[in-house]
Amino acid sequence: MNWKPTATRDALEARARLLTRARRFFAERGILEVETPVLSSAAVSDPQLESLSTRIKGLRQNFYLQTSPEYAMKRLLASGSGDIFQICKVFRDGERGTWHNPEFTMLEWYRVGFDERALMREIEELLQTLLPGTYAAERLSYADAMQFYAGVDPFVASADELKAAVEKNEINYHGQLERDALLDLLMGFVVGPKLGLERPTFICDYPASQAALARLKPGSPEVAARFELYLGGVELANGFHELGDAREQRARFDQDVRTRARRAQARAPIDENLLAALGSGLPDCAGVALGVDRLIAVAFKATRLSQVMSFTIDNA
């Protein structure tokens, strides 16, 4: 057995310093650090994510390890918590590789009264605090990034045209994929690795079909108030101007459930507590989830997550 850690002492010290600076950054802005349960009676509905489940003795229902603290943190926001952040462990089934581990550390925060543009500015400030010397970020629309790096217009290309672009880039996949799944392949394997190589890059204005928990922006084509952050060809963060409409969120959850059923994916209970919180009134806010391990890896010039994690799933 390989019992030794995969990270060096230097990497562990870099992690500790970065987390200390992050907490100081939020404390100086009066943002409250919170903790929420890792286990929930509900699970994420997003077809791109899979939850890990467990049973608790004496209880009949399954419980699910969080893929993000988002739902619980929004319940705090709806109850009047104000600006909050959390550094915690999250879990995603089936994610294992160079830049993935089923268990990883996430930094998530929410700012009341912010939209996605204000939050991107604050993320830039955080990056410059954690990684001194970081250049100002560039901003590209999802459509421009797809057209420039993958040669497709994500709003007008047919499924067949997207499939041809995927095959042209020699990306292997199995089964019949829908448009958004094909777009995800192009973003993950063709576009993403070319982003943020000289300076941080925000990809903005995702298609409405990929809004997740973001509100939609007026205009045509309809886009989501969602962004992702890339640095060194690695996706670091995913943020939204948060959707506060409980009816619209339920409709999106229901659509996720139908998609998961069509793909023969596991179905888990949707989070009624979140929907009730949204129904009571979520303050206008923006939020973002940032992968701490990936950020440390990029800062440490590591080539894989295992170099900055004490132990990965392979020797946990």
What's the shortest heavy-atom distance between Gln249 and Ala212, and which atoms? NE2-O, 4.2 Å
Look only at the side chain of Gln265 and the backbone of Pro47, and say whether a donor-acceptor pair between them is shorter than 3.5 Å. yes
Honestly, is Arg29 close enough over Phe25, meaning NZ or CZ under 6.0 Å from the six-membered ring centre and within 45° of the axis? yes
Heavy-atom closest pair (Ser51 atom, Tyr64 atom, distance to 0.1 Å) is CB-CD2, 4.1 Å
Could you tell me whether the side chain of Tyr142 reaches within less than 4.5 Å of the side chain of Cys204, counting heavy atoms only? no
Does a donor on one side chain and an acceptor on the other come within less than 3.5 Å for Glu108 and Ser68? yes
Does Leu305 offer a backbone N or O that forms a donor-acceptor pair with the side chain of Asp293 under 3.5 Å? no
Between Asp46 and Arg260, is the closest basic N to carboxylate O distance under 4.0 Å? no
Listing, residues 180-190 side-chain donor-acceptor contacts under 3.5 Å, not counting sequence neighbours, or none:
residue : atom : partner : partner atom : Å
Asp180  : OD1  : Ser209  : OG           : 3.0
Asp180  : OD1  : Gln210  : NE2          : 3.0
Asp180  : OD2  : Ser209  : OG           : 2.9

Residues passing the ring-ring contact (aromatic ring centres under 6.0 Å, His included) test with Phe240, sequence neighbours excluded, are none
Salt bridge Glu33-Arg23, side-chain N to carboxylate O under 4.0 Å: yes
Under 3.5 Å side-chain donor-acceptor pair for Gln255 and Arg258: yes
Is there a donor-acceptor pair closer than 3.5 Å between any side-chain N or O of Glu242 and the backbone N or O of Gly287? yes
Show your reasoning for whether salt bridge (Lys or Arg N to Asp or Glu O under 4.0 Å) applies to Glu248 and Arg252. CA-CA 6 Å; Glu248 172 61 22; Arg252 293 188 192 179; 2.9 Å; yes
Is there a side-chain contact between Asp245 and Leu278, using heavy atoms and a 4.5 Å cut-off? no
Looking at every heavy atom in both Pro69 and Cys88, which two are closest together, and how far apart are they? CG-SG, 3.7 Å
Decide, yes or no, whether a salt bridge links Glu103 with Arg92 under the criterion of side-chain N to carboxylate O below 4.0 Å. no
Report yes or no: do Ser141 and Asp144 form a side-chain donor-acceptor pair below 3.5 Å? yes
Do NZ/NE/NH1/NH2 and the carboxylate oxygens of Glu28 and Arg24 come within less than 4.0 Å? no
For Arg294, what residues pass the salt bridge (charged side-chain N to carboxylate O under 4.0 Å, His left out) criterion, not counting sequence neighbours? none
Please answer whether the main-chain N or O of Pro218 pairs with a side-chain N or O of Glu222 as donor and acceptor at a distance below 3.5 Å. no
Hey, is the main chain of Phe104 close enough, under 3.5 Å, to the side chain of Asn101 for a donor-acceptor pair? no
Under the ring-ring contact (aromatic ring centres under 6.0 Å, His included) rule, collect the residues that match up with Phe202, sequence neighbours excluded. Phe227
Please determine whether residues Leu274 and Leu76 belong to a single hydrophobic cluster, defined as Ile, Leu, Val, Met, Phe, Trp and Tyr linked transitively by side-chain heavy-atom distances below 4.5 Å. yes
Output every pair passing side-chain hydrogen bond (donor to acceptor under 3.5 Å, both in side chains) with a member in residues 190-201, not counting sequence neighbours, ordered by first then second residue. Glu138-Thr201
Side-chain ion pair, Arg117 and Asp115, N-O less than 4.0 Å: yes
Test side-chain contact (heavy atoms from CB on, under 4.5 Å) on Tyr206 and Val223 and set out the steps. CA-CA 6 Å; Tyr206 276 67; Val223 298; over 6 Å; no
Can you name the closest pair of heavy atoms from Leu77 and Cys285 and give their distance? CD1-SG, 4.2 Å
Polar side chain donor-acceptor pair, Glu35 to Gln86, under 3.5 angstrom: no
Could you tabulate the donor-acceptor pairs under 3.5 Å formed by side-chain atoms of residues 145-157, not counting sequence neighbours?
residue : atom : partner : partner atom : Å
Gln147  : NE2  : Asp153  : OD2          : 3.3
Asp153  : OD1  : Phe155  : N            : 2.9

Are a donor atom and an acceptor atom from the side chains of Glu235 and Trp99 found within less than 3.5 Å of each other? no
Donor on one side chain, acceptor on other, Gln66 and Ser40, under 3.5 Å: no
Give the cluster check for Met120 versus Leu290: same hydrophobic cluster or not, with ILVMFWY residues linked at side-chain heavy-atom distances below 4.5 Å. yes
Check the hydrophobic clustering (I, L, V, M, F, W, Y; side-chain heavy atoms under 4.5 Å; chains of links allowed) and say if Leu119 and Ile84 are grouped together. no
Distance col, row Leu49:CG vs Asp93:CG, nearest 0.5 angstrom, shows 11.0 Å
Just to verify, which of Arg226, Arg215, Lys217 counts as forming a side chain to side chain donor-acceptor pair (under 3.5 Å) with Glu116? Lys217
Ionic contact status for Arg9 with Glu13, cut-off 4.0 Å: yes
Reported OG1-to-CG distance for the pair Thr54 and Leu65, which is rounded to 0.5 angstrom: 7.0 Å
